[in-house]
Undergrad: 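The structure's right below; bear with me while I get my questions together.
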Amino acid sequence: MKIIGHRGAKGLAPENTLASFKKALEHHVDEVELDVQITADGQVVVIHNLELIDASGNQLKIAGSTLAELRAHKPDLPLLEEAIELINRKVPLIVEVKPGVPVKPVVKVIKSFLKKGWTNSDFCLASRDQPILLELHRELPDISTMVIDFWSGVRAVRHAKQVGTKRIGMLEYWIWPGFVHAMRRGGYELLIAPPGTPQKERLFSCFGRAGYANQPARARRWERHGLAGVITDYPDRFESKKS
């Protein structure tokens with residue numbers, strides 16, 4: 001079972017920062033996942049949300065702010081190229097392009113690293129927005145892709161066929177044994193991720209539907225059903241238990 005750092009190591013350092021990526025590498029993840037958005041001046045920054053909220057509660061829209069403006073409120077906001085350089089081919093990097101994000105700046109950054117000696121296998125391109133994933137696949141056809149779907153296995157498989165991938169990422173609280181078995185029988189590499197916010201984690205924990213991606217014992221039970229990997233906030237918990 002693959003252990004993939006969620007936004008670096010989200011539970012050990014501020015998410016989507018160089019510090020978080022360092023933590024993920026320290027705990028020997030198999031891959032690192034991060035999210036990207038585009039600033040008003042065309043910079044590809046590593047951040048999950050459409051808005052940046054600083055310690056004082058100020059909100060800045062990523063697409064409506066320059067890199068300098070954003071870093072004035074969040075100095076540790078990294079560029080995609082800085083994350084790539086830090087990871088430096090130690091493990092593959094999953095680049096998730098968020099809905100509504102222009103593809104071409106992301107493609108430009110990745111192509112620049114391919115020219116520097118990075119290989120197609122150093123990257124995986126992911127999105128839950130299928131038109132974006134299709135465009136990424138057209139622009140970079142030799143780099144693997146991953147379909148992200150919150151809950152629908154049928155839709156995920158349909159989208160995977162459109163981009164020729166067997167890799168699918170889903171939120172952990174929608175999986176069940178029969179589904180995991182079916183995905184494995186179909187030849188799909190199913191990865192699960194934890195809830196993205198504390199509010200969602202508390203909600204689904206009430207129903208016993210969360211915790212698989214962050215609790216090794218529970219994840220291993222799903223591995224026996226055919227789970228290919230977890231995108232976890234706490235790679236340190238899995239470090240001594242990797243298969």
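For the numbers below, each heavy atom of this structure counts, side chains included, while hydrogens, waters and symmetry mates do not.
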Undergrad: Have a look at Phe21 and tell me which of Leu34, Val91, Ile84 forms a side-chain contact (heavy atoms from CB on, under 4.5 Å) with it.
TA: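 Only one option passes, and that is Leu34.
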Undergrad: Cluster partners of Ile53, using ILVMFWY side-chain heavy atoms under 4.5 angstrom, listed by chain and number?
TA: none
Undergrad: Suppose we screen for salt bridge (Lys or Arg N to Asp or Glu O under 4.0 Å). Which residues come up paired with Glu69, at least two apart in sequence or across chains?
TA: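 Expected list: none.
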Undergrad: Any side-chain donor paired with an acceptor under 3.5 Å for Ser127 and Asp129?
TA: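 Side chains of Ser127 and Asp129: no pair found under 3.5 Å.
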Undergrad: Sorted by first residue and then second, give each side chain to side chain donor-acceptor pair (under 3.5 Å) pair with at least one member in residues 80-91; sequence neighbours left out.
TA: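 Listed by first then second residue: Arg71-Glu82.
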Undergrad: Do Asp41 and Thr66 have side-chain atoms, one donor and one acceptor, less than 3.5 Å apart?
TA: no
Undergrad: Anything under 3.5 Å between a donor and an acceptor, one on a side chain of residues 181-193, the other on a protein residue two or more places apart or in another chain? List them.
TA:
{"residue": "His181", "atom": "ND1", "partner": "His225", "partner atom": "O", "Å": "3.3"}
{"residue": "His181", "atom": "NE2", "partner": "His225", "partner atom": "ND1", "Å": "3.1"}
{"residue": "Glu189", "atom": "OE1", "partner": "Arg167", "partner atom": "NE", "Å": "3.2"}
{"residue": "Glu189", "atom": "OE2", "partner": "Lys2", "partner atom": "NZ", "Å": "3.4"}
{"residue": "Glu189", "atom": "OE2", "partner": "Arg167", "partner atom": "NH2", "Å": "3.0"}

Undergrad: Between Asp233 and His6, do the side chains contain a donor N or O and an acceptor N or O under 3.5 Å apart?
TA: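 Short answer, yes.
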Undergrad: What residues form a side-chain contact (heavy atoms from CB on, under 4.5 Å) with Asp35, not counting sequence neighbours?
TA: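 If we apply the side-chain contact (heavy atoms from CB on, under 4.5 Å) test to Asp35, skipping adjacent residues, the hits are Arg7, Asn16, Glu33, His48, Glu96, Lys98.
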Undergrad: With rounding to the nearest 0.5 angstrom, report the CD to CG distance, Gln59 to Asp54.
TA: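 Reported to 0.5 Å precision, the distance equals 9.5 Å.
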Undergrad: Once ring pair (Phe, Tyr, Trp, His ring centres under 6.0 Å) is applied, do any residues pair with Phe113, and if so which ones, sequence neighbours excluded?
TA: Trp118
Undergrad: For the residue pair Asp122 and Thr119, confirm or rule out a side-chain donor-acceptor distance under 3.5 Å.
TA: yes
Undergrad: If two hydrophobic side chains count as joined below 4.5 Å and joins carry through other members, does Val32 share a cluster with Ile231?
TA: no
